[in-house]
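As structure tokens, the structure follows; a few thoughts come after it.
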Amino acid sequence: DYYASRGLGDVYKRQVLAMVLLNLKENSRSSPSVLKLAVLCWGQIKKEDGHMTDDLIQTKGLTKRYGEQTSVNDLDLHVKPGRIYGLLGRNGAGKTTTMRMLLGLTRPTAGTVTLFGQPLRGREKTILPRIGSLIESPGFYPNLTGTENLAVFARLRKIKDPRAIETALALVNLPYRDKKLYAKYSLGMKQRLAIALAILHDPELLILDEPINGLDPIGIAEVRDFIRELCRARGKTILLSSHILSLIHISEPTRRVVI
């Protein structure tokens, strides 16, 4: 309480909070005073830090113009943690452009993007590893299997979990260590592998652009089921886009729709 209440700088409060959280991780029987200190530090940090927000994704006045054409106009988006949000709109409505701006792939004409309580611009190297995304089709090697392709990306991302690939493939209903080459995959299987890549590093936030492209009705139902499971059982925050209402209409209390 002394360190948290003596007017120390924000950096010191963050250090105290980190120490408390480490203590909680190593000792599940931490005293009530330790828990109180964590709450106090976090409350003061949020109060003093102008960038802190309860929204996992927040945009203010987000706008993108290409010449005289406006693709996204003055978008204010607020996405809470642990929920499923759907961007619903016809082709050309600006869904993909919005997601590209959220991922730093396209620079906004105007407006701001805040992720995990921090402005995205200038912090891409620390923020983006916490996100899994599917924007268009990944560049998989046609002469490798699905497992081998994911192994390449796992090495590039320095993923240490030995079961990460198997877990990701199981979630999208693809076989582990199958001998079928990517070149022989159907369009639906390629889309499933792309989703597996997005969740390979166990991200906190998933941004999926048209995740049901190329899937048959059974595949669409399976994607809806695993999206619900990721949110409900694993606490993931998911932002997805589609022009098909059946995907966006996920019957969950956590579901939100942006049109």
**Prompt:** What residues form a salt bridge (charged side-chain N to carboxylate O under 4.0 Å, His left out) with E229, not counting sequence neighbours?
**Reply:**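 Salt bridge (charged side-chain N to carboxylate O under 4.0 Å, His left out) list for E229, sorted by chain: R232.
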Notebook entry, point to check: Is there a side-chain contact (heavy atoms from CB on, under 4.5 Å) between L144 and V152 once you walk through the steps?
Noted result: CA-CA 10 Å; L144 298 180; V152 171; 4.1 Å; yes
- What's the verdict on side-chain contact (heavy atoms from CB on, under 4.5 Å) for M189 and K184, showing C-alpha distance, side-chain angles and the deciding distance? CA-CA 9 Å; M189 292 179 68; K184 297 182 179 180; over 6 Å; no
For residues 62-73, dump all side-chain donor-acceptor pairs below 3.5 Å to protein atoms at least two apart in sequence or in another chain.
unit_1: T63; atom_1: OG1; unit_2: G61; atom_2: O; d: 3.1
unit_1: T63; atom_1: OG1; unit_2: D74; atom_2: N; d: 2.9
unit_1: K64; atom_1: NZ; unit_2: R107; atom_2: O; d: 2.9
unit_1: S71; atom_1: OG; unit_2: T97; atom_2: OG1; d: 3.2

Original post:
Is L75 linked to M101 within one hydrophobic cluster, defined over Ile, Leu, Val, Met, Phe, Trp and Tyr using a side-chain heavy-atom separation of less than 4.5 Å?
Top reply: yes
- Do L105 and V79 share a hydrophobic cluster, counting only Ile, Leu, Val, Met, Phe, Trp and Tyr and linking them when any side-chain heavy atoms are less than 4.5 Å apart?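 Hydrophobic grouping puts L105 with V79.
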Are side-chain heavy atoms of [X] and [Y] found at a separation under 4.5 Å?
{"X": "L88", "Y": "H243", "result": "no"}
{"X": "I207", "Y": "L103", "result": "yes"}
{"X": "F116", "Y": "I131", "result": "yes"}

State, to 0.1 Å, how close [X] and [Y] come at their nearest heavy-atom pair, and which atoms those are.
{"X": "I212", "Y": "S242", "value": "CD1-OG, 4.2 Å"}
{"X": "L240", "Y": "M99", "value": "C-CE, 3.6 Å"}
{"X": "A198", "Y": "S133", "value": "CB-O, 3.5 Å"}
{"X": "K180", "Y": "Y185", "value": "O-CE1, 3.7 Å"}
{"X": "G132", "Y": "P203", "value": "N-CB, 3.3 Å"}
{"X": "L150", "Y": "A196", "value": "CD1-CB, 4.1 Å"}

First locate atom [atom1] of [X], then atom [atom2] of [Y], and finally report the distance between them rounded to the nearest 0.5 Å.
{"X": "L120", "Y": "T59", "atom1": "CG", "atom2": "OG1", "answer": "12.0 Å"}
{"X": "L208", "Y": "L239", "atom1": "CG", "atom2": "CG", "answer": "8.0 Å"}
{"X": "L205", "Y": "L115", "atom1": "CG", "atom2": "CG", "answer": "7.0 Å"}
{"X": "T98", "Y": "R100", "atom1": "OG1", "atom2": "CZ", "answer": "11.5 Å"}
{"X": "T114", "Y": "K60", "atom1": "OG1", "atom2": "NZ", "answer": "7.0 Å"}
{"X": "I238", "Y": "R228", "atom1": "CD1", "atom2": "CZ", "answer": "11.0 Å"}

Quick check: are there more than 12 heavy atoms from other residues, nucleotides or ligands sitting under 6.0 Å from CD1 of I218?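 No - once you tally the heavy atoms of other residues, nucleotides and ligands closer than 6.0 Å, there are 12 at most.
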Hey, can you pull the donor-acceptor pairs under 3.5 Å for the side chains in residues 160-173, sequence neighbours left out?
unit_1: D161; atom_1: OD1; unit_2: R163; atom_2: N; d: 3.0
unit_1: T167; atom_1: OG1; unit_2: R163; atom_2: O; d: 2.8

Given side-chain contact (heavy atoms from CB on, under 4.5 Å), test R157 with L200 step by step and report yes or no. CA-CA 10 Å; R157 295 176 178 176; L200 181 62; 4.0 Å; yes
Residue pairs meeting salt bridge (Lys or Arg N to Asp or Glu O under 4.0 Å), one or both in residues 125-150, sequence neighbours left out, come to R130-E204
### Task
Given salt bridge (charged side-chain N to carboxylate O under 4.0 Å, His left out), test K95 with D209 step by step and report yes or no.
CA-CA 8 Å; K95 303 185 300 296; D209 186 25; over 6 Å; no
(message) Could you check whether any side-chain N or O of E210 sits under 3.5 Å from a backbone N or O of T96, counting only pairs where one atom can act as donor and the other as acceptor?
(response)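 Here the side-chain-to-backbone pair does not exist.
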* Asked: What ring-ring contact (aromatic ring centres under 6.0 Å, His included) pairs are there with at least one residue in residues 189-210, not counting sequence neighbours?
  ->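 Of all non-adjacent pairs touching residues 189-210, none passes ring-ring contact (aromatic ring centres under 6.0 Å, His included).
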Here the ring-ring contact (aromatic ring centres under 6.0 Å, His included) pairs for residues 150-180, sequence neighbours left out, are F140-F153
Walk me through whether Y85 and K80 qualify under side-chain contact (heavy atoms from CB on, under 4.5 Å). CA-CA 9 Å; Y85 283 73; K80 301 293 184 183; 3.7 Å; yes
